[in-house]
Amino acid sequence: MAWNPEDARASARVRYDETEDLEVSEVKREIDFELIERKKSRQVTGTHFYVDVTNFNQLLRGEQDDAGEEMLRLLHLFAREVTRVVEKDFCAQKVHFQGPRLHAVAYRPVSDEGKMALQAVLASLAVRHMISAFNDVFELGERGWQIAAGLDHGRCLATKNGSGGDRELLFLGSAANHAAKILQVSGIRMTDRVRSLLPEDLQARTVEADDGTWSLRLSVAEVEKLAAAEGWPWCQATTRGRLEEAAVSCPAGSLTSAHVKEKIDKNTLRPSNTKLVSAASLFADVDGFTAYIDQQEARGEDLTEAVRVFHVLRGVGRDTAVQGFGALRIQYQGDRMQVLAYRPVSDGERAAYDTIRLAAALTTVADDIVPHVVGTERHRLAIGACWGETLVSRVGEHGEMDHVCLSSATASAATIQQRLDGGQIGIDGALRNLLPTWLRAVFRWDTNAGAYVATDFDWASFCTLEESEKHAATKSAVRPWLSR
């Protein structure tokens with residue numbers, strides 16, 4: 001694979017011109033999110049909620065008997081049941097699973113924001129109660145899963161990003177972003193915007209936390225009664241029954257993985273076709289883009305240009321990763337892209353080397369190429385990458401499955417990325433140790449990031465350093481001959 005800045009500039013120009021007729025409009029009635037197109041973005045008012053298995057990565061790291069296949073099996077069955085609870089029992093909209101974390105939105109009925117908030121709160125509480133049945137049915141005991149939820153309400157921009165059939169629905173805006181950030185270890189937390197939309201009797205049951213968010217506890221019977229009153233048919237007994245059927249149809253030990261021997265085809269991945277690969281998990285986040293969108297909207301600016309810029313950033317970033325470096329794009333997560341950098345035939349040192357080249361190229365795309373082609377301010381990337389054996393698969397309800405990577409490296413890369421500022425690349429020790437000495441020296445330990453970090457290390461920086469090393473190596477090879 002060969003990447004060069006000139007090809008990326010040409011790609012940026014084409015992608016920008018392709019969106020010249022892009023439109024942004026308000027959702028005024030129920031829509032099928034599958035019909036949202038790259039050039040037809042929609043502003044959607046709703047309650048965004050994230051439901052996360054907060055001890056998942058801890059449990060994954062504790063797996064001793066396999067490469068994580070059992071955790072993947074459980075995640076698949078969990079995602080399938082949660083999707084049914086959210087979409088079938090509560091009529092909310094699943095956006096996707098980010099590993100063990102669900103992102104969903106309640107936006108119906110479009111004219112009733114109070115019902116949106118109630119729908120999201122009850123769905124979150126139902127999943128919290130569901131986990132007790134899940135832990136019991138799968139006999140997890142001390143390794144039981146813990147659930148937390150975060151909720152926020154507001155207007156966000158719904159769009160799709162990607163190329164061809166490789167496109168995903170995503171939301172841009174503070175409500176979609178902030179809901180994830182208020183997640184705690186357990187329980188549900190909601191912003192004051194959500195709480196204020198709830199019926200007064202439920203508001204009275206909420207408890208304010210030190211960070212200004214609100215928690216709420218309701219029994220299974222209370223959730224079932226409130227849901228039934230609104231026509232949402234969730235009940236714990238039905239959930240348990242579905243889980244018991246899943247335990248029989250997909251028993252322990254039924255999911256295995258195969259080592260990668262050729263390029264991974266995303267479209268063929270599924271629980272029964274899971275791949276195990278030594279790879280670098282990489283997350284590239286457009287730093288501060290959510291705040292930028294909110295500021296544009298607060299000033300009454302037309303969001304069309306901001307969305308066009310976003311599509312160019314995302315599109316050229318994807319081309320750089322997939323076409324330029326042969327990486328596998330796993331998922332878009334709002335303004336963050338998840339990538340897996342690997343070699344079909346095991347070559348850790350080369351794959352690690354290419355991971356840094358990819359990170360440097362992505363930095364140049366964001367810092368130089370897109371701003372110059374589009375004529376906009378820089379929207380810098382914060383990039384985290386870690387190395388390790390990783391399971392790659394798809395999980396969830398048939399027809400709505402999400403791509404996932406399972407490994408401690410994936411979890412660590414996401415954490416590192418969140419600790420970085422735009423313009424920084426952070427890597428773990430395992431990835432750094434695979435690099436040549438001259439490139440390893442670029443990354444210095446940063447206590448705050450918990451990683452080895454390079455700042456403002458772009459494609460030009462990499463090429464200059466690489467050329468200098470080649471020159472030094474050539475001189476070193478010549479000296480013995482000269483001394484004879």
If you measure from the Lys or Arg side-chain nitrogens to the Asp or Glu carboxylate oxygens, is any gap between [X] and [Y] under 4.0 Å?
{"X": "Asp446", "Y": "Arg419", "result": "no"}
{"X": "Glu81", "Y": "Arg242", "result": "yes"}
{"X": "Arg73", "Y": "Glu69", "result": "no"}

Short side-chain donor-acceptor distance under 3.5 Å, [Y] and [X]:
{"X": "Ser412", "Y": "Asp428", "answer": "no"}
{"X": "Ser257", "Y": "Thr274", "answer": "no"}
{"X": "Glu224", "Y": "Gln236", "answer": "no"}
{"X": "His76", "Y": "Ser393", "answer": "no"}

**Study point:** Test: Arg432 cationic atom under 6.0 Å from Tyr452 six-membered ring centre, within 45° of axis
**Key:** yes
Practice item. With sequence neighbours left out, write down each residue that passes side chain to side chain contact (heavy atoms under 4.5 Å, CB included) with Asp285, or none if nothing qualifies. Key: Asp335, Arg336, Gln417
**Study point:** Contacts of type side chain to side chain contact (heavy atoms under 4.5 Å, CB included), residue Asn135, not counting sequence neighbours
**Key:** Ile131, Leu140, Trp145
Review point. For Arg193, which residues count as a salt bridge (Lys or Arg N to Asp or Glu O under 4.0 Å) partner, sequence neighbours excluded?
Key: Asp152
Practice item. With sequence neighbours excluded, tell me which residues meet salt bridge (Lys or Arg N to Asp or Glu O under 4.0 Å) with Arg128. Key: none
Practice item. Could you list all the salt bridge (charged side-chain N to carboxylate O under 4.0 Å, His left out) pairs where at least one residue sits in residues 205-223, not counting sequence neighbours? Key: Arg189-Asp211, Arg205-Glu222
What heavy-atom pair brings [X] and [Y] nearest, and what distance separates the two atoms?
{"X": "Ala158", "Y": "Val44", "value": "CB-CG2, 4.0 Å"}
{"X": "Val339", "Y": "Ala327", "value": "CG1-CB, 3.4 Å"}
{"X": "Ala361", "Y": "Thr320", "value": "CB-CG2, 3.8 Å"}
{"X": "Ile416", "Y": "Cys386", "value": "CD1-SG, 3.5 Å"}

Check your understanding: For Trp387, which residues count as a ring-ring contact (aromatic ring centres under 6.0 Å, His included) partner, sequence neighbours excluded?
Key -> none
Point to revise | Full working for side chain to side chain donor-acceptor pair (under 3.5 Å) between Gln98 and Gln331 | key: CA-CA 8 Å; Gln98 304 169 4; Gln331 192 177 61; 5.4 Å; no
Check your understanding: Which one of Leu282, Thr355, Ile330 satisfies the side chain to side chain contact (heavy atoms under 4.5 Å, CB included) criterion with Leu340?
Key -> Ile330
Review point. Among Leu102, Val395, Val53, whose side chain to side chain contact (heavy atoms under 4.5 Å, CB included) with Phe78 holds?
Key: Val53
